[in-house]
Structure formats: C-alpha cells, structure tokens
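The next block holds one structure in the form of structure tokens; read it before the comments.
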Amino acid sequence: MQQIEIGNIVLIKNGQKIIRPLVSSQVNLIKIKMEINAPDFCFQEVQEGYNVIILLQPFNKLFNEIKIVDVSTIKLMIAPKLLQCDADMIQSIIKTEEINCQFYSILNYQQNYDYDFTTSIDQEQDLLTISDYFIREKLNQLSEKETEMFQKYRIFNLKEILVDNLQRKYPINHRNAGIIHITDSNIICRSLKRKSHEKDMLYILSQLYPKQSFQDLNNYAIVRTTNDIIIRLDQNYIFIWLPEKINTYQKMQLILLHKQLMEYNILSQKLNGIELNIYFSVIEFSLDVNDNLSVKEYKSFHDFSFYINNGFQAFSGNNRKN
C-alpha cells in the first residue's frame, strides 16, 4: 500500500533538532489523525526530555480523492524542563510555519506530567502569542500581570469560576470551568486544564486510585465504584453526581458547598444578570434492578436545598416538596 508523507515530527532538546517524516496511507488517514490529536502521541519523546512540534499538512491537498475540508495543523508539546536555546528554536519554527497553520494545539507538561491543553478553537490569539506565555513561564520570564494570569488559571477559586469572566481578561484561562471531587476523607478542587472535564477527572482518579482504570466508565459508574462525589463546574452550570450513602465528611462538604453556591447565585445575578443552574443525580443501589443501580435526577436550587436540608439519604421523589 502506497505511503505518503503527510507532515513532520520535529524533536528539540539541548539546542539540537531532529526531524522525522510522518507518513500514512489514505486508508489510515482517520486513524492517524486521531492518534496525532491524542495526548499520548509522542509522549515517550516528552518523557525523554524532547520538545515536540508536529506539522501536519491538509489531507485533502495530499489526496485528490479526499472531499472533506481539512486544515494545516501544528501541535506543540512542551517538555517539563525547557532551555533558552530550545525555546528559541521552538519559536523560530513556529514563526516560519504559523503563516500556513489553520489549527493549533498546545500541551504544556509539568514535572509530574500533568499538562495544560489549549487549542485555537478557544483562543483568538495566534499560536506564537499563546505558546510564548507557556514558554516564558517555564523560563521564569513572566511579568507581574502575566504571573497573576497563571495564578488565576492554576489556583482553584469557586467564585472566580462561577461569577468572574476570566476568559475576557486573560488569554490563558480555565474557560470558567473546573471539577470538585469529594472522597470519604478528602476534597480535590481543580480548575480545568486538560481541555475537557473527562480528561481532568481521569487525571484526578489516576492520582487517587493508581491501581484502578476508569477509562471506559461514565460518571454514574465511577460514583458507584468509588462512592465519591463528582461535581462538574462549567460557566454558570453545576452538575453533581452523588452516591446514595455518604459519610459525615462528605455531608459537611456538601453543606459548605451549598452555602457557597447560594451566595454566588445571588452575586452572579447581581453582577452578570445570570442565574446559576444546578443539576444533580442521586445514584441509588438496589437489588430490584438487573444492573444493581438506579438513578434519580433532580435540578434547580430548590431541589438541592431540599436535599441538603432534609437528611440526604432520606431524599426521594416521595418526600420531595413540589
């Protein structure tokens, strides 16, 4: 089967550059595209200390038979440690290639291989501008205002996520989104960094339960498996998945959260004219159903307030106020 060069992989480390051709057949186009866009593509090279730039040409310009609209793509993966000479080389390549780039993505890796992920879909700024922030952060070259931007981005603040619009103020931002995860003895709060709630949630679970895999489980199954509380924050929306039985620690955390949400709902309406919306599911275990699981879903602050104020486990469709 004929192979064609569809782009290049550029590896940069210690001021040296290695270029590898990226090849595919027309049959494998969709597969290779998915593989390239996946976070683990070239992850081994990042672990070895390389910064990676993937330059991908539009498929419809390479294969005459391809009718779909495709775009030139640049994917930048910044290693946990960055030298000035490597930063200069990265920016030089981006300046040269960006003129033809119609879509970009950046994965900025930390020491523990957690990463920031941003794409041109959510940013009005160009690749060079956005990548420059991440590069200069690694080189300790940020201004005071830029340092504040990264603090707002990295440090979880419930009020800022639900009430403040950081997307308008900062080019690097968490899209007013985040996750709260409550175990039987700990609460993990994280602003969105990995582009989607699912990827951030999987990262949290990998830290809490390193020996378990949650890759193919939805939130209902995760709650059933762990008995943890999952809370997803997205703009002015709050989504909560609750196990039927919770302990005292989880109950106290929910009471505190409920109080904060009530305050921020009033504040959001006052400052933004926007009411916060809350949706929650109580995941019940029952021997009367085949899959040993049933879910009762509720919405509105009225329902959540009633749940908080009336004994948690006692809450059901039969004793709920209308």
Side-chain angles (χ1 to χ4, degrees), residues 10 12-17 39 46 49-54 73-99 101-179 189-196 199-200 203 233-235 264 267-268 271-272:
V10 184
I12 298 171
K13 180 181 177 181
N14 297 330
Q16 302 297 314
K17 177 173 63 176
V46 173
Y50 286 99
N51 300 278
V52 182
I53 302 177
I54 300 172
T73 299
I74 296 178
K75 179 179 179 180
L76 170 62
M77 305 170 73
I78 307 173
K81 293 183 180 180
L82 184 65
L83 302 177
Q84 183 67 61
C85 58
D86 295 336
D88 294 340
M89 191 172 292
I90 291 170
Q91 291 173 314
S92 176
I93 294 173
I94 290 175
K95 285 179 182 178
T96 302
E97 299 290 342
E98 189 182 34
I99 188 171
C101 175
Q102 296 163 284
F103 175 81
Y104 70 77
S105 62
I106 302 173
L107 283 81
N108 178 46
Y109 285 89
Q110 310 301 321
Q111 295 296 329
N112 60 354
Y113 294 106
D114 188 10
Y115 60 81
D116 312 304
F117 183 44
T118 186
T119 73
S120 52
I121 293 177
D122 294 324
Q123 302 290 348
E124 295 181 0
Q125 288 85 357
D126 54 48
L127 170 61
L128 186 62
T129 300
I130 298 300
S131 61
D132 182 62
Y133 285 120
F134 290 117
I135 287 172
R136 287 191 294 106
E137 184 199 21
K138 283 239 167 75
L139 298 173
N140 297 315
Q141 296 175 355
L142 295 179
S143 67
E144 184 177 339
K145 184 176 181 180
E146 290 166 342
T147 300
E148 179 186 85
M149 173 182 69
F150 274 98
Q151 289 174 341
K152 298 285 187 182
Y153 169 68
R154 298 191 192 285
I155 300 174
F156 181 91
N157 185 300
L158 185 60
K159 173 183 172 294
E160 288 177 351
I161 288 177
L162 296 176
V163 179
D164 300 342
N165 194 337
L166 299 183
Q167 295 184 78
R168 293 181 179 178
K169 189 173 182 180
Y170 300 113
I172 303 295
N173 62 79
H174 47 56
R175 296 196 297 114
N176 285 84
I179 290 173
C189 301
R190 176 181 171 95
S191 57
L192 200 68
K193 295 176 58 183
R194 291 185 166 221
K195 184 62 179 175
S196 73
K199 288 184 172 62
D200 274 286
Y203 176 75
L233 310 168
D234 195 355
Q235 304 286 333
Y264 297 151
L267 189 60
S268 178
L271 298 179
N272 307 320

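It should be emphasised that the depicted structure is a prediction, and the values quoted were computed from it without experimental measurement. Heavy-atom basis, side chains included; hydrogens, waters and symmetry copies ignored.
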### Task
Would you tell me whether Tyr133 and Asn108 have side-chain atoms, one donor and one acceptor, within less than 3.5 Å of each other?
no

### Query
Any side-chain donor paired with an acceptor under 3.5 Å for Tyr170 and Glu148?
yes

What distance separates [X] [atom1] from [Y] [atom2], expressed to the nearest 0.5 Å?
{"X": "Ser92", "Y": "Ile12", "atom1": "OG", "atom2": "CD1", "answer": "9.0 Å"}
{"X": "Ser131", "Y": "Leu76", "atom1": "OG", "atom2": "CG", "answer": "6.0 Å"}
{"X": "Ile94", "Y": "Ile130", "atom1": "CD1", "atom2": "CD1", "answer": "11.0 Å"}
{"X": "Arg154", "Y": "Ile172", "atom1": "CZ", "atom2": "CD1", "answer": "9.0 Å"}
{"X": "Ser191", "Y": "Ile155", "atom1": "OG", "atom2": "CD1", "answer": "9.0 Å"}
{"X": "Gln110", "Y": "Lys138", "atom1": "CD", "atom2": "NZ", "answer": "5.5 Å"}

### Task
Could you list the residues that satisfy salt bridge (Lys or Arg N to Asp or Glu O under 4.0 Å) with Lys195, not counting sequence neighbours?
Asp122

### Summary
Residue set satisfying salt bridge (Lys or Arg N to Asp or Glu O under 4.0 Å) with Lys81, at least two apart, ordered chain then number -> none

#### Entry: Intermediate values then yes/no, side-chain contact (heavy atoms from CB on, under 4.5 Å), Lys17 and Ile93
CA-CA 11 Å; Lys17 177 173 63 176; Ile93 294 173; 4.0 Å; yes

### Query
Taking all non-hydrogen atoms of both residues, which atom of Ala79 and which atom of Val46 are closest, and how far apart?
CA-CG1, 4.2 Å

Check for a donor-acceptor pair, side chain of [X] on one end and backbone N or O of [Y] on the other, with a separation under 3.5 Å.
{"X": "Asn112", "Y": "Asp114", "result": "yes"}
{"X": "Ser105", "Y": "Lys75", "result": "no"}
{"X": "Thr118", "Y": "Ile106", "result": "no"}
{"X": "Glu98", "Y": "Leu128", "result": "yes"}

Given side chains that start at C-beta, do those of [X] and [Y] come closer than 4.5 Å, heavy atoms only?
{"X": "Tyr115", "Y": "Pro39", "result": "yes"}
{"X": "Thr73", "Y": "Ile54", "result": "no"}
{"X": "Tyr113", "Y": "Tyr203", "result": "no"}
{"X": "Asp116", "Y": "Ile78", "result": "no"}

### Message
As a test of understanding, state which of Lys193, His174, Arg194, Arg190 forms a side chain to side chain donor-acceptor pair (under 3.5 Å) with Asp200.
### Response
Arg190

### Query
Pick one: which of Gln141, Lys145, Glu146 meets side chain to side chain donor-acceptor pair (under 3.5 Å) with Ser143?
Glu146

### Task
Report the C-alpha separation of Val163 and Asn272 in whole Å, then their side-chain angles, then the decisive distance to 0.1 Å, and conclude whether the side-chain contact (heavy atoms from CB on, under 4.5 Å) test is met.
CA-CA 8 Å; Val163 179; Asn272 307 320; 4.1 Å; yes

#### Entry: Gln111 atom CD, over 12 foreign heavy atoms within 6.0 Å
yes

#### Entry: Ile161 vs Phe156, side-chain contact (heavy atoms from CB on, under 4.5 Å): CA-CA, chis, key distance, verdict
CA-CA 8 Å; Ile161 288 177; Phe156 181 91; 3.6 Å; yes

### side-chain contact (heavy atoms from CB on, under 4.5 Å) between Glu97 and Tyr104, intermediate numbers included
CA-CA 11 Å; Glu97 299 290 342; Tyr104 70 77; over 6 Å; no

### Task
Apply salt bridge (charged side-chain N to carboxylate O under 4.0 Å, His left out) to Glu160 and Lys169, showing your working.
CA-CA 12 Å; Glu160 288 177 351; Lys169 189 173 182 180; over 6 Å; no

### Task
Examine Lys159 relative to Tyr264 and say whether NZ or CZ is less than 6.0 Å from the centre of the six-membered ring and inside a 45° cone about the ring axis.
no

## Note on the structure
Hits for side chain to side chain contact (heavy atoms under 4.5 Å, CB included) against Ala177, two or more places apart or cross-chain, chain-then-number order -> Leu192, His197, Asp234

